[in-house]
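Let me begin by presenting the structure, written as structure tokens, before commenting on it.
Worth knowing before you read on, the calculation uses all heavy atoms, side chains too, and leaves out hydrogens, waters and symmetry mates. When a ligand or atom number is given, it counts from 1 through the structure's own listing order. This one's a predicted model, so the numbers in the text were calculated from it and none came from an experiment.
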Amino acid sequence: MNSMDPGVAVSTFADDIFKDQVFLVTGAGRGIGKLLAERLARLGAHVALCDLVAGRAEETAKVIAAGQGSALALTADVSKEEDVQRAVAAVLDRWGRVDVLVNSAGSYGAAYRVTHETPVEEWDSVFASNVRGSFLCAKTVLPHMVTAGRGRIINFASNAGRSVSPLLGCSYTAAKTAVIGMTRHLSREYARHGILVNTIAPGPVAGERVSELIDGEANGAALNAQIPIGRLADPSDIVDVVLFMASGASRYMTGAILDVSGGLILA
Ligand SMILES: NC(=O)c1ccc[n+]([C@@H]2O[C@H](COP(=O)([O-])OP(=O)(O)OC[C@H]3O[C@@H](n4cnc5c(N)ncnc54)[C@H](O)[C@@H]3O)[C@@H](O)[C@H]2O)c1
């Protein structure tokens, strides 16, 4: 296999590409956000990481500290304004600015069930973490980015928001579609302030979330069969694209929705 082979995880970012840049990564206690935070720290960034579940952000921060990286762990619910304000204040207190916000936090409810069987509580909590949370984090960092005259916001949509979720219900599809709309709106509003706002739309990613949702080997194979590249994403496949979105290489890109779905979404 060579480096152009879609089955190979290859990453080529200079060691110090994000040296001294300050990132706030939400949902960094597990999955993609966790791997992203660890990679950013290895690439020289100061990484504030938050998670709703107590202890998760601290675990990620410990891994980063063990590798001599710079991390600040925060337990916060991104759907609560006071939590977000407290978290952003802690980042400003530590490093004086937020250069890049990555809104990775988000819940997903139960495995697929039809809309008329979806409890309203699930709708509310999926919207709270994905939509309200991304909005609140953006709202809180934006004044500081405007003053700085620069910044990046990277949101997480999903193949669900680009089409329909194969694994989850209408609350998730609708919430991720809202994230796309919010990205477009913010990109138009803040480009003149030097702030770029983009969304990644991953397809299904191997990890705890998808394992919790797919029921057995047969379902896993059925999901793989829908993906032209023939496999789920590895978390590193997603993280590498986020690193590109945070880097100078994407300096002319704002309002973009990047499908990273192994060909599942073709739009
Ligand atoms: N895993 C996939 O297949 C997949 C596919 C497409 C999009 N995505 C999106 O990518 C992002 C990361 O996914 P993942 O697979 O790493 O998820 P994950 O479920 O493994 O981790 C998400 C983390 O976010 C935290 N979180 C949830 N609600 C929160 C809140 N209100 N405040 C703070 N933290 C909260 C959770 O505690 C968890 O640690 C999510 O936005 C997800 O919707 C994932």
Enumerate the atoms of ligand 1 whose separation from the nearest heavy atom of [X] is less than 4.0 angstrom.
X: Ser104; value: 11 (C), 12 (C), 40 (C), 41 (O)
X: Tyr108; value: 19 (O)
X: Ser129; value: 28 (N), 31 (N)
X: Gly106; value: 24 (O), 27 (C)
X: Pro204; value: 3 (O)
X: Asp77; value: 30 (C), 31 (N), 32 (N)
X: Arg56; value: 36 (C), 37 (O), 38 (C), 39 (O)
X: Val53; value: 37 (O)

Starting from [atom], what is the nearest protein heavy atom, named by residue and atom, and what distance separates them?
atom: atom 5 (C) of ligand 1; result: Gly203 O, 3.3 Å
atom: atom 43 (O) of ligand 1; result: Tyr172 OH, 2.6 Å
atom: atom 42 (C) of ligand 1; result: Arg209 NH1, 3.4 Å
atom: atom 6 (C) of ligand 1; result: Pro202 O, 3.2 Å
atom: atom 16 (O) of ligand 1; result: Ile32 N, 2.7 Å
atom: atom 24 (O) of ligand 1; result: Gly27 CA, 3.4 Å
atom: atom 39 (O) of ligand 1; result: Asp51 OD2, 2.6 Å
atom: atom 34 (N) of ligand 1; result: Leu52 N, 3.1 Å

Taking 4.0 angstrom as the limit, do [X] and [Y] come out as a salt bridge?
X: Arg39; Y: Asp240; answer: yes
X: Lys34; Y: Glu38; answer: yes
X: Arg132; Y: Asp124; answer: no

Record the part of [X] in heavy-atom contact with ligand 1 below 4.0 Å; permitted values are side chain, backbone, both and neither.
X: Lys176; value: side chain
X: Ala157; value: backbone
X: Pro235; value: neither

Polar proximity ligand 1 side, [X] side, N/O cut 3.5 Å exclusive:
X: Arg30; answer: yes
X: Val205; answer: yes
X: Ser79; answer: no
X: Val78; answer: yes

Name of the residue among Val141, Ile153, Thr140 meeting side chain to side chain contact (heavy atoms under 4.5 Å, CB included) with Val98: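 Only match with Val98 under side chain to side chain contact (heavy atoms under 4.5 Å, CB included): Val141.
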Phe23 and its side chain to side chain contact (heavy atoms under 4.5 Å, CB included) partner, picked from Ile154, Leu40, Asp99, Leu101: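 Only match with Phe23 under side chain to side chain contact (heavy atoms under 4.5 Å, CB included): Leu40.
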So which heavy atom on [X] is nearest to which on [Y], and how close?
X: Arg162; Y: Ile257; value: CD-CG2, 3.6 Å
X: Thr254; Y: Val197; value: OG1-N, 2.9 Å
X: Phe18; Y: Leu243; value: CZ-O, 3.5 Å
X: Ala160; Y: Thr173; value: O-CG2, 3.3 Å
X: Ser107; Y: Ser125; value: OG-O, 3.4 Å

Looking at ligand 1, does [X] have a heavy atom less than 4.0 Å from it?
X: Lys80; value: no
X: Ala128; value: no
X: Thr26; value: no
X: Ala206; value: no

Donor-acceptor pair between Ser261 and Asn159 side chains, under 3.5 angstrom: no
Flag for Arg184-Thr199: side-chain donor and acceptor within less than 3.5 Å: no
Straight-line distance of Tyr172 OH to Glu122 CD, nearest 0.5 Å: 12.0 Å
Atom pair CD1/CZ of Ile214 and Arg209 - distance to nearest 0.5 Å: 13.5 Å
Parallel, tilted or perpendicular: rings of Trp123 and Phe127 (30°, 60°):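 Rings of Phe127 and Trp123: parallel, as their planes differ by under 30°.
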Donor-acceptor under 3.5 Å (Asp83 side chain, Lys80 main chain): no
